[in-house]
Amino acid sequence: MAEDHCCHHDHSTELEQHHAGDAVCVDQVCFSYVPGVRVLDNITMHIPLRTRLGIVGPNGGGKSTLLKLILGLLKPSEGRISVFGRTPGEACCGSMVGYVPQRHEVGINFPLSVAQVVRQGIVGRTGMFRRASSDDRDAASQALEQVGIADLANRPIGDLSGGQQQRVFLARALAGRPRLLVLDEPMVGIDEVGQAKFAQLMDSIHRTYELTVLIVSHDLRAIVAGCDQVACLNRRLHFHAAPSGLTREVLAEVFNHNLAGVALRDEGP
Amino acid sequence: MTIWDVFEPRFLAPLLAGIALTAACALLSVVIVLKRLAFIGQGITHAGFGGVGLAAFLAASGWWRDLTIFIFCIGTAVVIALLSRSRKVMIDTAIGILLVAAMGIGFLLDQMRLHLRGDAWYQALTGGRITPPTQWDAVLFGNILYLRSQDVWLAVGCALLVVVVLALLYKEIVFFAFDETVSRVFGVRTGLLHYLLLIMIAAIIVLCMKLLGLILVNALLIVPGATALLISRRLSTVLIMTVVVGEVGMIGGYFASFGIMGGRLPVGPMVVLILALLFAAAMVWNRLRPSRG
């Protein structure tokens with residue numbers, strides 16, 4: 001009993017430490033979908049508060065899996081993850097985390113307006129069987145204005161273009177006033193002009209909301225510009241520092257593993 | 001019988017149950033169509049045959065019969081829900097297998113009891129009770145004359161309960177249907193909603209069985225929502241229209257079955273036919289209309 005109590009005590013001080021300077025702590029995490037085949041191998045990574053971290057790596061390198069672990073959609077096979085000193089599940093339900101999923105086809109006939117989709121972002125704050133507070137509803141409309149599509153509020157979500165829909169999902173993520181914003185492949189399917197605009201938008205959001213931002217992408221260029229830190233992930237964590245420290249050798253190591261001759265053709269096999 | 005006989009109390013009471021159940025079905029159907037649960041609904045209705053067979057085998061009657069069927073449907077719903085959350089089997093495969101297995105068990109059990117009647121252990125199991133042969137056409141197409149007055153009140157009560165639950169959880173359920181994974185990240189308890197929806201569908205199916213029949217319940221669980229979603233893309237309009245479409249089908253079908261051919265036609269098929277026509281009309285209107293609003 002005494003031992004148990006002691007363990008418990010250790011656990012909580014450790015969590016407090018985590019809480020102090022880091023938004024996310026990934027601690028010696030391994031994950032496998034099939035026993036024996038590790039998709040993530042011994043990942044340790046700390047994301048300091050208010051940094052913008054880009055996670056890059058080849059397809060199949062475990063980026064999405066790491067994201068799902070941080071969002072609490074999967075549980076690590078080994079190791080621990082804490083988000084603001086809590087378990088990922090607790091952090092998400094407490095609406096500390098905003099999530100912008102990878103773009104996918106929204107049912108064109110889905111009977112929801114843009115404003116209704118954005119208000120989905122506050123269900124976690126509101127809780128079951130209750131009406132949203134006026135404060136939360138204000139936050140939702142403010143988020144809609146922040147991403148610059150307030151004029152589309154009453155349009156059916158299916159009427160919007162892909163880029164516009166993505167702004168809606170960004171607004172939904174911001175509506176719950178999160179402290180961590182997670183974006184999965186936000187640049188996929190957007191042209192260069194759109195990408196530049198989106199980077200600008202992310203810049204202003206980062207300043208306004210004082211957020212920690214986590215962006216996952218397979219496209220290195222899309223990430224380097226708007227991030228303070230870059231992490232290269234291909235089953236293991238190959239690099240985690242400011243983008244200026246990235247060398248060709250690191251990239252070759254990360255990308256060649258799976259995509260010899262595709263990601264960096266001039267590096268050779 | 002003529003159409004005026006509808007206004008006799010013994011025929012008005014089933015209509016009241018029908019109206020209440022239709023409202024619940026119609027609201028559920030919007031979720032079923034949006035979340036693509038239609039095939040799961042099929043699985044649960046076919047499980048009803050298994051339940052009917054099991055109830056006959058156990059010589060259960062009255063409430064016990066209803067309860068047996070309900071438990072069998074819920075059991076099937078839970079197995080479907082569990083299977084649909086595993087990665088090993090595709091959901092439509094799982095339902096396809098469960099659906100025929102449940103029907104097979106139902107018909108076998110119903111036949112077996114006839115051959116086991118003389119066995120001592122079977123008599124001990126059933127307490128020597130003998131229930132009349134199962135009328136499968138009534139199970140298939142429903143028969144309002146099977147409705148007892150307590151059935152009517154149970155149906156009205158359960159329908160109200162379903163409507164209240166849907167109203168209280170509507171923002172979570174719509175988010176769940178829109179994008180299950182994302183809704184989970186935003187704090188919606190998706191596992192709970194999934195099972196809750198399946199249980200509500202199973203309960204409604206058992207309650208509708210006597211009124212419409214097992215197969216035809218599916219019409220009420222799909223057509224009103226599908227039709228309303230063709231008419232509008234505004235959620236509030238869809239929720240109103242789905243109930244309107246369902247009730248037009250139910251009340252219209254009820255009156256038509258009394259009014260045509262001296263009231264010898266069953267209610268269920270008539271309701272389904274009207275619903276199908278409403279859906280076709282909505283399709284045509286959807287095509288002809290210049291722009292969608």
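Order of the sequence lines fixes the chain letters, A, B, ..., with proteins taken first and strands second; residue numbering starts at 1 for each chain. Computation of the quantities below employed the complete heavy-atom set of this structure, encompassing side-chain atoms and omitting hydrogens, waters and symmetry-equivalent molecules. None of the values given here were measured: they were computed from a predicted structure.
- Under the side chain to side chain contact (heavy atoms under 4.5 Å, CB included) test applied with B/Arg233, the options A/Ile157, A/Leu112, A/Asp159 reduce to a single match, A/Asp159.
- For B/Leu239, no part lies under 4.5 angstrom from a heavy atom of chain A.
- Heavy atoms of A/Val117 lying under 4.5 Å from chain B belong exclusively to its side chain.
- The CG atom of B/Leu34 lies 9.5 Å from the CG atom of A/Asn109; values are rounded to the nearest 0.5 Å.
- When all heavy atoms of B/Leu229 and A/Pro111 are compared, the pair lying nearest together is CD2-CG, 3.6 Å.
- Of all residues in residues 164-190 of chain B, those placing a non-hydrogen atom less than 4.5 angstrom from a non-hydrogen atom of chain A are B/Leu168, B/Leu169, B/Lys171, B/Glu172, B/Val174, B/Phe175, B/Ala177, B/Phe178, B/Asp179, B/Thr181, B/Val182, B/Arg184, B/Val185, B/Phe186, B/Gly187, B/Val188, B/Arg189.
- Within a 6.0 Å sphere centred on NZ of B/Lys35, other residues, nucleotides and ligands contribute more than 12 heavy atoms.
- Of all the listed residues (A/Gln116, A/Arg119, A/Arg172), the one sharing the greatest number of non-hydrogen pairs under 4.5 Å with chain B is A/Arg172.
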